[in-house]
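A short write-up of the structure that comes next.
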Amino acid sequence: MTPRARAFAELVRLPAALTVPGDTLAGAAAAGPLRARSVAMPAASVALYWAGMALNDWADRDLDAVERPERPIPSGRVSPRQALGAAVGLTAAGVGLAALAGGRPAAATAAALAGAVWAYDTVLKDTPAGPFAMAAARGLDVLLGASAAGRTRAGLVPAGLLAAHTAGVTLLSRGEVHGTRPLTAGLAGGVTVATAAMAAGHGRAALPVALAATYAGSVGSAQLAAVSSPDAGTVRRATGAGIRGMIPLQAALIARRSPLAALGLLAAGPIVRAASKVVSPT
């Protein structure tokens, strides 16, 4: 990988993008059997995710110069103008791909998702509404998959569960630089347990239950460590576990309708873990 390619891979958090396709697949599985449109929609989802990451670093460039000088913009490897251009271009690509794959309903959902992403990164991130805005974006990403089948409302349950998980992880991630309080880490852990229980109940079969248990074990144990030691390093590891934990949670939500797709998605987990050692997902 060239230095320039690596800089942009860091800008968009390349490994974390593998945690995104499961959102739209979970929404599509809730709406009916997985079809060709279901497979195409994750491309739109990933483009919007990358847009959000680039915009995040553009919006935080002054703060990152102090707290995370190694990031692409403060280190001078990517200019603010390039980051903003990438965010705009990827947003347009994401909405356009959604329109091509899912028609007007998907385009409308993708536009709402793009709006949530831009509102979070530019206005809401550091406000009390920040975790909820991020959760709303994740929920809309799930609904994007259901909208491709013309049954957006069918995706409300998986959207709510992934939104709850995202709110907990985002709340905890606010302590990545200076640490957090044990109460905050405990709250995130409680959300994880409740989300796993509801995901297991939603599937009502052996495989979804096993995948929900895998999610609870991997994410919950890291958050429990943050309760005991709420320092920045432990919080950062718990946040990383929460990001990777998206995959078994998504797989649990897909397994009831398509066990093979769920197991295929689960295979992305080791890839994310290995890639995260090369490019940081946070």
Side-chain angles (χ1 to χ4, degrees), residues 12-50 52-53 94 97-98 101-102 106 109-110 113 134-135 137-149 154-170 192 195-196 198-200 202-203 207-216 218-219 240-276 281:
V12 300
R13 317 290 195 274
L14 191 63
L18 289 174
T19 69
V20 175
D23 285 349
T24 51
L25 291 177
L34 296 180
R35 303 180 187 282
R37 287 183 176 181
S38 308
V39 177
M41 199 58 75
S45 180
V46 168
L48 291 169
Y49 183 85
W50 282 343
M53 293 297 102
L97 286 170
T109 306
L113 171 56
M134 177 63 88
R138 202 84 198 197
L140 284 166
D141 199 31
V142 177
L143 294 179
L144 182 61
S147 69
L156 287 175
V157 170
L161 293 177
L162 278 159
H165 168 76
T166 301
V169 172
T170 305
T192 297
T195 300
M198 293 188 67
H202 181 63
L207 183 58
V209 170
L211 291 169
T214 299
Y215 155 73
S218 60
V219 179
I243 293 171
R244 295 189 297 275
M246 294 275 185
I247 293 175
L249 176 57
Q250 293 159 342
L253 297 170
I254 295 169
R256 180 172 63 95
R257 182 80 70 175
S258 180
L260 286 178
L263 293 174
L265 180 66
L266 203 62
I271 299 174
V272 174
R273 183 179 293 278
S276 297

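Computed from a predicted model, the values in this text were never measured in an experiment.
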Margin query: Any side-chain to backbone donor/acceptor pair from T24 onto P21? Under 3.5 Å, distance only.
Written below: yes
Next item on the list: Can you see which heavy atom on A199 is nearest to which on A212, and at what distance?
Entry: CB-CB, 4.3 Å
Notebook entry, point to check: Where is the tightest heavy-atom contact between I254 and A29, given as atom of each residue plus distance?
Noted result: CA-CB, 4.2 Å
Checklist line | Gap between atom CG of L253 and atom CG of L211 - 0.5 Å precision | finding: 9.5 Å
Next item on the list: Could you grab the distance from atom CG of L113 to atom CG of L48, nearest 0.5 Å is fine?
Entry: 5.0 Å
Next item on the list: Can you see which heavy atom on P208 is nearest to which on A255, and at what distance?
Entry: CG-CB, 3.8 Å
Notebook entry, point to check: Out of curiosity, T19 OG1 to L265 CG, how far, rounded to the nearest 0.5 Å?
Noted result: 9.5 Å
Next item on the list: Without swapping roles, check the side chain of S218 against the backbone of Y215 for a donor-acceptor pair under 3.5 Å.
Entry: yes
Next item on the list: Enter the distance from R256:CZ to L207:CG here, rounded to the nearest 0.5 Å.
Entry: 12.5 Å
Next item on the list: Name all residues meeting the side-chain contact (heavy atoms from CB on, under 4.5 Å) criterion together with V20; count only those two or more places apart in sequence or in a different chain, and write none if there are none.
Entry: S45, V46, Y49, R138, D141
Check: Is T170 reaching over with its side chain to a backbone N or O of T166, donor-acceptor style, under 3.5 angstrom?
Finding: yes
Next item on the list: Please report the shortest heavy-atom distance between G155 and A30, naming the atom on each side.
Entry: CA-CB, 4.1 Å
Notebook entry, point to check: So, for A164 and T195, which heavy atoms are closest and what is the spacing to 0.1 Å?
Noted result: CB-OG1, 3.9 Å
Margin query: Working to the nearest 0.5 angstrom, can you tell me the gap between L18 CG and I247 CD1?
Written below: 6.5 Å
Next item on the list: Under the side-chain contact (heavy atoms from CB on, under 4.5 Å) rule, what do Q250 and L162 come out as? Steps first, then yes or no, please.
Entry: CA-CA 8 Å; Q250 293 159 342; L162 278 159; 4.0 Å; yes
Margin query: Tell me whether H165 contacts the main-chain N or O of G242 through its side chain, where contact means a donor paired with an acceptor under 3.5 Å.
Written below: yes
Note to self: So which atom in G94 and which in A44 form the shortest heavy-atom distance, rounded to 0.1 Å?
What the structure shows: O-CB, 3.3 Å
